[in-house]
Amino acid sequence: MQVLGIETSCDETGVALYDDGRGLLANALYSQIAIHRPYGGVVPELASRDHVQRLLPLIREVFAGARSKPSMIGAVAYTAGPGLMGALLVGAAVGRSLAYAWGIPAVAIHHMEAHLLAPMLEPDAPSFPFLALLVSGGHTQLVRVDGVGRYRILGETLDDAAGEAFDKTAKLLGLGYPGGPALSALAERGRPGRFEFPRPMTDRPGLDFSFSGLKTYALNTVRGLPGDEQTRADIARAFVDAVVGTLVIKCERAMRATGLNRIVAAGGVSANAQLRRALAAAAERSGGKLYTPRPEFCTDNGAMIALAGCLRVKAGATEPLAFAAHARWDLTHEREE
Ligand code: KG4
Ligand code: ZN
C-alpha cells in the first residue's frame, strides 16, 4: 500500500510517498528559510500562504518521481498538530480533500509521533519497546514507546524546548534564523572548557528539563567580553556542551529507570552531530544502541508523516469526513481540542 504524506506544521512544506513493502518511494521538501530570514523568525501568515502555493506542485513532483498515480494510493496522511494553526489547516484541507476525491482513508498525524517513528525509515530500524528523546523547536520530551500509539511521557521541558534554546542563543550571538544549525557550526570551531555552563536540573531526581536559563547564561557571558569570532565560538561550544551533557544525563537516567537501552533521538536538534555522537556512546555504555533518522529526516519532512500514516492505517485507523487541526495536542491523547 502506498501512502501520501503531507507536512505543513511550520516553515517547511514536505510531501512524500511511502510504500509498506518497498519503503520510501519519493520525498520532496520546500524550505521557507528565505521567506522568513528577513524577519529573524517564522511569520505564521507568510508560512500559511507559502504552503498554499507549494503543496500541489510538490504532490505532483512526488507522483512523477515515484512513477505513481492517485489510483495506486491507499491513504493520505497529513500533520494535524501540533504547530501553527494556519499552516496546519493548509495540509489538513488538501490532504482530507484529496482522500475524499480519491475515495480512500485520510489519517491525521501527530507531528511528534511522526518524529519518533522516523528512524523506521532507515534500514536499521529500532524494534519496540524503546526510549525516545524528542528534541525539536517546540518540544523536548523523553517518551517510553511500546508500540504505535502506545506512548508514555517520562519527562519534558518545563520552559523552553532544546531547539528554542538553540535559536534564542544563536540570536544573541548575532546568528540569524534558523539559529540551530548556525550555532552548531559555530560551536564546532569553539574550544571546550574555556567557559562552563550549568547542566540544568541534573542535580535533582526526575526526567524533566529546563533550558530557558541557558540563554541568560550565554547573555551574561557575552557581556563584557570582546565580540571576536573565537570568543563567540567558545561560548557556542559551552552552550552546546551544556545542552548535550544535560540530554545525555537524562537519557542515561531514563535507561536506568526503564531498563530500556534502545534509544531513538529525533526532531530537529537530533541533527546535531555532537549530540548524536554523545548519545550513541551513552547507549553503547549501557549495552544498547542509538537509532536516529538521517539528518534530513531529523528536521521536518513529509517522509515521516507518510510512514506514520502507513503504520496508523495498518493498525486500523479510520477518520470521518470532517477534519480539524490542533495547534496544541498532547502526544498521549488521541485528540485534544
Ligand atoms: O523538528 P524541527 O525541524 O521542527 C519542529 O518540530 O520544531 O526542529 C526545528 C528545531 C529548530 O529549533 C532548529 O534550530 C533545530 O531544530 N535544529 C538544530 C539543528 N538543526 C535544526 N539544532 C541544533 N543543531 C542542528 N544541527
Ligand atoms: Zn518537527
Side-chain angles (χ1 to χ4, degrees), residues 1-10 12-31 58-59 61-63 65-68 72-80 83 91 95 107-137 139 141 143 145-151 163 262-273 275-276 279-280 283 288-315 317 331:
M1 178 184 53
Q2 290 184 26
V3 176
L4 174 68
I6 298 174
E7 156 63 36
T8 64
S9 68
C10 190
E12 11 245 356
T13 319
V15 180
L17 276 175
Y18 182 86
D19 180 272
D20 58 348
R22 292 155 63 207
L24 189 62
L25 303 180
N27 177 58
L29 187 85
Y30 181 83
S31 165
L58 285 180
I59 291 171
E61 189 182 320
V62 296
F63 273 115
R67 297 179 192 282
S68 182
M72 294 163 75
I73 304 298
V76 180
Y78 59 89
T79 307
V107 243
I109 296 297
H110 190 294
H111 183 79
M112 299 313 293
E113 172 179 40
H115 271 307
L116 76 81
L117 295 172
M120 295 185 170
L121 289 164
E122 306 301 342
D124 183 19
S127 49
F128 300 117
F130 56 77
L131 208 56
L133 174 70
L134 300 178
V135 275
S136 70
H139 292 78
Q141 296 180 319
V143 187
V145 179
D146 285 297
V148 175
R150 296 174 58 203
Y151 312 124
R262 279 187 295 275
I263 308 183
V264 156
V269 180
S270 69
N272 181 281
L275 177 62
R276 295 163 80 96
L279 285 174
K289 195 167 174 230
L290 175 72
Y291 299 84
T292 46
R294 69 196 85 165
E296 67 168 309
F297 292 156
C298 288
T299 46
D300 292 349
N301 63 86
M304 65 180 190
I305 306 301
L307 167 75
C310 188
L311 295 174
R312 281 274 173 185
V313 170
K314 286 209 292 191
L331 177 66

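Numbers for residues simply follow the sequence, beginning at 1. Everything quoted here is computed from the prediction, not taken from an experiment.
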Residue pair [X] / [Y]: nearest heavy atoms and the distance that separates them:
{"X": "L290", "Y": "R276", "answer": "CD2-O, 3.4 Å"}
{"X": "D124", "Y": "Y291", "answer": "O-CD2, 3.3 Å"}
{"X": "L117", "Y": "L307", "answer": "O-CD2, 3.2 Å"}
{"X": "A26", "Y": "A66", "answer": "CB-CB, 3.9 Å"}
{"X": "P126", "Y": "V264", "answer": "CG-CG2, 3.7 Å"}
{"X": "I305", "Y": "A114", "answer": "CD1-CB, 3.5 Å"}

(message) For H115 and H111, take the angle between the two ring planes, folded into 0 to 90°, and tell me which bin it lands in: parallel under 30, tilted 30 to 60, perpendicular over 60.
(response) perpendicular
Any donor-acceptor pair under 3.5 Å from [X] side chain to [Y] backbone:
{"X": "E7", "Y": "E12", "answer": "no"}
{"X": "D20", "Y": "M1", "answer": "yes"}
{"X": "R262", "Y": "S127", "answer": "yes"}

Starting at [atom1] of [X], measure out to [atom2] of [Y] and round the result to the nearest 0.5 Å.
{"X": "L133", "Y": "T292", "atom1": "CG", "atom2": "OG1", "result": "11.0 Å"}
{"X": "L331", "Y": "H110", "atom1": "CG", "atom2": "NE2", "result": "5.0 Å"}
{"X": "I73", "Y": "D19", "atom1": "CD1", "atom2": "CG", "result": "9.0 Å"}
{"X": "L4", "Y": "L25", "atom1": "CG", "atom2": "CG", "result": "11.0 Å"}
{"X": "Y18", "Y": "M120", "atom1": "OH", "atom2": "CE", "result": "9.5 Å"}
{"X": "Y78", "Y": "I109", "atom1": "OH", "atom2": "CD1", "result": "9.0 Å"}

(request) Check the pair T299 / L29 against side chain to side chain contact (heavy atoms under 4.5 Å, CB included), numbers first and verdict last. (result) CA-CA 11 Å; T299 46; L29 187 85; over 6 Å; no
(request) Test side chain to side chain contact (heavy atoms under 4.5 Å, CB included) on F128 and R150 and set out the steps. (result) CA-CA 10 Å; F128 300 117; R150 296 174 58 203; over 6 Å; no
(message) Please tell me whether E113 and Y151 have a donor and an acceptor in their side chains that are separated by less than 3.5 angstrom.
(response) yes
(request) Please test N27 against E296 for side chain to side chain contact (heavy atoms under 4.5 Å, CB included), starting from the C-alpha separation and ending with a verdict. (result) CA-CA 11 Å; N27 177 58; E296 67 168 309; 3.9 Å; yes
(message) Measuring only between side-chain heavy atoms, which start at C-beta, is M304 closer than 4.5 Å to P293?
(response)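 They are not in side-chain contact.
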